[in-house]
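I have placed the structure first, in the form of C-alpha cells, so that the comments after it can refer back to it.
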Amino acid sequence: MLAESVLEGLDPEQRAVAEAVQGPVCVLAGAGTGKTRAITHRIAYATLTGVVTPQRVLAVTFTTRAAGELRSRLRQLGAPGVQARTFHAAALRQLSYFWPRVIGGEAPKIVDSKIALVADAARACRLSFARTELRDLAGEIEWAKVTQHRPEDYPAAVAKADRKPPADVVDVARVYAMYEQLRRERNLLDFEGMLELTAAVLTEHREVANQVREQYRYFVVDEFQDVNPLQKMLLDTWLGDRDDLCVVGDPNQTIYSFTGASPSHLLDFTREHPGAKVVKLVRDYRSTPQVVRLANGVIGQARGARHKLELLAQRADGPDPVFNEYDDEVAEADDAARQARKLIDEGVPAREIAILFRINAQSETYESALAAAGVPYVLRGAERFFERPEVREAVVRLRGAARAGADPETDGMGLIQTVRHVLSGAGFTDQPPEGAGAARARWESLAALAQLAEDMAADNPKAALADFVAELEERAAAQHAPPLEGVTLASLHAAKGLEWDAVFLVGLAEGTLPIIYAKTPAQIEEERRLLYVGVTRARVHLALSWALSRSPGGSQTRRPSRFLDGLTGKTTTHTPPRADRSKRRPAKGPQPCRVCGRPLTAAVERKLGRCEDCPSELNEEVLLALKDWRAEVAAEQKIPAYVVFTDATLQAIAEHAPDSLEDLARIPGVGKVKLDRYGDTVLTLCGH
C-alpha cells in the first residue's frame with residue numbers, strides 16, 4: 001500500500017518512469033515537466049517494492065544543491081539512505097576510502113581553483129597573463145582534461161574541435177604541461193584528476209571494483225545531456241557489465257558543450273543500450289501557455305536538432321510575453337528596474353523576479369539601475385551563503401540553542417520566535433538598516449535564515465529547533481542556500497535549473513546573443529538553446545528586450561537577436577514619457593550635468609541631474625524633513641526605508657524643490673505609483 005501511494009498524483013508519463021524500475025531507462029524530460037518528481041518516485045517505488053535497498057542506489061547529479069534536493073525528497077517519500085552525490089563528491093569519497101589500501105602514502109590535496117597553479121605554470125614558462133586570461137587558461141586546461149587530451153596532443157585537438165583557444169595554442173600547451181608537472185611535484189589533485197584516478201583505481205584493482213559494484217547496483221544520472229567524456233568513463237567503470245541505469249536529460253538544454261559536455265551520450269543511449277525503455281516528459285507544469293508557446297517557438301527553429309521536445313502547457317493562461325526595444329543599455333536597465341519595482345508593488349516577492357543576461361559584464365548596469373530604483377537585488381554566483389561569517393555565527397548560535405532545549409511547544413510560532421530570538425543575538429532586527437553596504441548584506445543573510453524558519457513552520461507546524469538546525473546543516477553540506485529577498489541577477493548559464501515568477505531576458509541583440517565569437521552552426525545552435533533555457537525559467541511574467549546602442553547618445557546600429565525572428569509579433573519600441581526625456585535623456589547624447597555640462601553616465605548622477613562633486617543648491621531642512629517622514633512611513637508599513645525613496649531620490653527632491661506633481665514626476669525614482677502614494681505629502685514637505 002505504501003509503494004502504491006508513491007505512484008499517486010503522477011501523470012501517465014511520470015508514472016511510466018516510476019514503474020520502470022529495472023533495466024536501462026532513458027527519460028527525455030522537457031523544462032518544467034517534473035523530472036525530479038519522476039525520478040525520486042521511481043527510486044522510492046523501487047526501494048519500497050524490494051527491487052533494491054536504498055543503500056545500493058547511487059543518484060548522480062551535477063550540483064550539490066540538486067543532490068541535497070534529491071535526498072530531501074527521498075526522505076519524504078520513505079526512502080532514506082539513498083546516496084545522492086555529484087560525480088566529484090562520489091569519486092572523492094571512494095578515492096579517500098581506498099587510498100590507504102591501494103596507493104598508500106600521503107593523500108594529495110584537492111585543488112579548489114586552478115588559477116593560482118596556472119599562474120605559477122605561466123611564470124615558469126616565462127609567460128605573462130592578466131587575471132581574466134588566467135581564468136580562461138584554467139578553463140581551457142579543464143576542457144582538455146575532461147575530453148582526455150594531453151598537453152602533447154592539445155594543439156591537434158583544438159584544430160579538430162574548431163575551438164578558439166584563449167592564447168596562442170603552443171603557449172597554452174606549454175602552460176598545460178607545466179601545470180601538470182607542478183601539480184604532481186606539489187602532490188595536488190584537481191577535480192578532473194580525481195575522476196580519472198578513481199576510474200583507474202577501479203580498473204586496475206579488481207577487488208576495489210568488486211566492492212564498489214557490490215555497494216552500488218542501481219544508478220540514476222540527472223542532466224545526462226551535460227555529461228563529459230571523463231564523467232562517462234567513470235560511470236561506465238562503476239557500472240561494469242550491468243545495465244540498471246536510468247538517465248534523465250533534455251537535449252534542448254544542452255548549453256555546456258564548451259566545457260566538454262556532450263549530448264551524444266543522451267541522444268545515443270538507445271544505441272548503447274538497445275533494449276532501453278524511453279519515456280518522454282512534455283507536460284509543462286511550470287509556465288503559462290503563453291510562455292510555453294514562446295519556448296516552443298524558440299526551439300522549434302533549431303537546425304539539425306534530434307529529439308525536439310515540444311512542451312504542452314498545463315497551467316492557466318497568463319500575460320503575453322513582452323518585447324521591448326530601447327535606445328541604449330542604460331534605458332533598458334532603467335526600465336527593467338522600473339518594471340521590477342512595479343511587480344513588487346503589485347505583490348510579486350522580489351526573490352521571485354530575475355534579470356538574466358548572456359555575460360556577467362552586463363550585470364553592473366542593472367545593479368546601478370536597481371539600486372537607483374530602490375529595488376533590492378542579489379548576485380547569483382557571489383560568495384557562498386553558508387561561508388559568510390554572519391551565517392556561520394548564526395548557525396553556531398542556533399546549534400547551541402538547540403542543545404540547550406530552547407524550543408517552546410506551540411503551533412509553529414514557537415520555532416519562528418525562537419529562531420528570530422537567537423538571530424537577534426547575531427544582530428538581526430525586524431527592520432533592515434538603511435542603504436546598502438556590509439550592514440545591509442549581513443541583515444539580508446540573517447533575514448534569509450528567519451524566512452527559512454517561517455517556511456519550515458508553515459510546512460510542518462510541529463517542527464522543532466533541532467529539526468531546523470538539521471535542515472541548515474544539510475543545506476550547508478549541499479551548499480543549498482535559502483533564497484535571499486532581492487531580485488536575482490544572473491547569467492543564463494547560472495540560471496539553469498532555477499525558476500521565478502517573473503523573468504527579464506535582457507541584452508538580446510546580435511553580437512551578445514548569439515555571442516559574437518559563436519561562428520559554427522553548432523555554436524549558434526547552442527546560443528539558441530541558451531535563450532530557450534532563459535525563456536523556460538519564467539512561470540508567469542516574461543519580458544525580452546534589446547538596446548540599439550551601448551551608451552546614451554551612441555550610434556544605434558544594433559539589431560535584435562536572430563532567434564527572435566518571427567516570434568515578437570508587434571514589437572514594442574520603448575519611448576520614455578516626454579517629461580522624462582527632457583530631464584533625463586535628451587534625444588541626442590547622454591544627459592548633461594546641469595552645473596558643468598559633462599555627460600552623466602552613473603545612475604546616481606543621472607538621478608541628481610549633476611556630477612556628484614559639482615556644487616548644488618540643497619535645502620538641508622527639506623532633506624531632513626523628508627528623511628524623518630520616510631522613516632515614519634517605513635516603520636508604519638514595515639518596509640525598508642529605501643523602498644519608499646532612496647537617499648539619492650530624496651536629495652534630488654530637496655535640490656530641485658518641485659512645486660507641482662508634474663515637476664515631481666520629472667525626478668528619476670518618482671514613478672506613478674510613488675507619485676500617487678506620496679506625491680502630495682512630499683510637495684507639502686517641500687513647502688508647496
Side-chain angles (χ1 to χ4, degrees), residues 52-64 67-68 70-71 80-118 120-121 138 141-142 144-146 148 150-151 176-221 227-242 244-245 384 386-387 473-474 476-479:
V52 64
T53 60
Q55 293 74 22
R56 297 291 186 267
V57 180
L58 179 59
V60 186
T61 71
F62 275 78
T63 67
T64 52
L70 278 177
R71 288 193 295 269
V82 171
Q83 295 297 307
R85 302 183 183 278
T86 65
F87 274 103
H88 295 108
L92 179 59
R93 184 181 177 88
Q94 293 172 19
L95 197 58
S96 300
Y97 180 80
F98 291 110
W99 186 276
R101 183 198 309 179
V102 299
I103 300 177
E106 182 183 359
K109 180 182 177 182
I110 303 300
V111 178
D112 289 330
S113 172
K114 293 183 176 68
I115 294 178
L117 192 56
V118 170
D120 290 347
I141 291 172
E142 183 172 316
K145 298 192 73 169
V146 301
Q148 296 289 275
R150 305 304 176 197
Y176 179 14
M178 182 57 66
Y179 167 89
E180 290 290 81
Q181 179 181 325
L182 294 178
R183 183 184 60 76
R184 288 190 292 268
E185 290 174 354
R186 299 175 186 181
N187 196 28
L188 300 174
L189 192 64
D190 56 26
F191 287 123
E192 296 75 43
M194 183 196 309
L195 301 187
E196 192 172 32
L197 188 54
T198 303
V201 167
L202 290 170
T203 301
E204 296 171 10
H205 299 271
R206 181 175 295 276
E207 72 282 7
V208 172
N210 290 339
Q211 187 171 341
V212 170
R213 291 167 186 167
E214 175 64 23
Q215 173 67 47
Y216 297 120
R217 301 180 178 180
Y218 201 80
F219 293 84
V220 177
V221 184
V227 166
N228 62 47
L230 185 53
Q231 292 165 332
K232 179 63 165 55
M233 180 180 71
L234 178 59
L235 176 64
D236 290 343
T237 307
W238 283 336
L239 275 170
D241 57 1
R242 300 165 300 170
D244 265 334
L245 170 65
R384 289 186 172 185
F386 285 100
E387 293 175 4
E473 290 175 341
E474 181 171 324
Q479 287 299 332

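Positions are given from 1, in the same order as the sequence printed here.
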Nearest atoms (heavy-atom pairs only) where L239 meets D244: CD2-O, 4.4 Å

Side-chain donor/acceptor of R101 to backbone N/O of Y97, under 3.5 Å: no

Minimum side-chain heavy-atom gap R184-E180 below 4.5 Å: yes

Main-chain N/O of T53 paired to R56 side chain as donor or acceptor, under 3.5 Å: no

Close side-chain approach of P108 to L188, heavy-atom, < 4.5 Å: no

Donor-acceptor under 3.5 Å (Q94 side chain, A91 main chain): no

Heavy-atom closest pair, residues P54 and P80: CB-O, 3.2 Å

Atom pair OH (Y216) and CD (E214), whose distance is rounded to the nearest 0.5 Å: 12.5 Å

Considering all heavy atoms, the nearest A67-A84 contact: CB-O, 3.5 Å

D190/K145 under salt bridge (Lys or Arg N to Asp or Glu O under 4.0 Å): CA gap, chis, key distance, verdict: CA-CA 10 Å; D190 56 26; K145 298 192 73 169; 2.7 Å; yes

Point-to-point distance, once rounded to the nearest 0.5 Å, from CZ of F219 to CG of L245: 8.0 Å

Backbone N/O of Q55 and side chain of Q215: donor-acceptor pair under 3.5 Å: yes

Separation of L70 CG from Q83 CD (nearest 0.5 Å): 12.0 Å

Step-by-step side chain to side chain contact (heavy atoms under 4.5 Å, CB included) determination, L58 to V60: CA-CA 6 Å; L58 179 59; V60 186; 3.9 Å; yes

Plane angle bin for F62 and F87 - parallel if under 30°, tilted between 30 and 60°, otherwise perpendicular: perpendicular

E207 to V102 - nearest heavy-atom pair and separation: OE2-CG1, 4.2 Å

Donor-acceptor contact present, side-chain R183 to main-chain G193, <3.5 Å: no

Audit row: M178, Q181, side chain to side chain contact (heavy atoms under 4.5 Å, CB included) steps and yes/no: CA-CA 5 Å; M178 182 57 66; Q181 179 181 325; 4.1 Å; yes

Any R186 side-chain heavy atom under 4.5 Å of L117 side chain: yes

Donor-acceptor pair, side chain of R213 and main chain of T237, under 3.5 angstrom: yes

From CD1 (I115) to CG (D120), nearest 0.5 Å: 12.5 Å

Smallest separation among heavy atoms of Q148 and L230, with atom names: NE2-CD1, 3.4 Å

K109/E106 salt bridge by N-O under 4.0 Å criterion: no

Separation of H88 NE2 from T198 OG1 (nearest 0.5 Å): 9.5 Å

Intermediate values then yes/no, side chain to side chain contact (heavy atoms under 4.5 Å, CB included), R85 and L92: CA-CA 10 Å; R85 302 183 183 278; L92 179 59; over 6 Å; no

CG-CG distance between L195 and N228, expressed to the nearest 0.5 angstrom: 7.5 Å

From CA spacing to verdict: side chain to side chain contact (heavy atoms under 4.5 Å, CB included), V111, F191: CA-CA 7 Å; V111 178; F191 287 123; over 6 Å; no

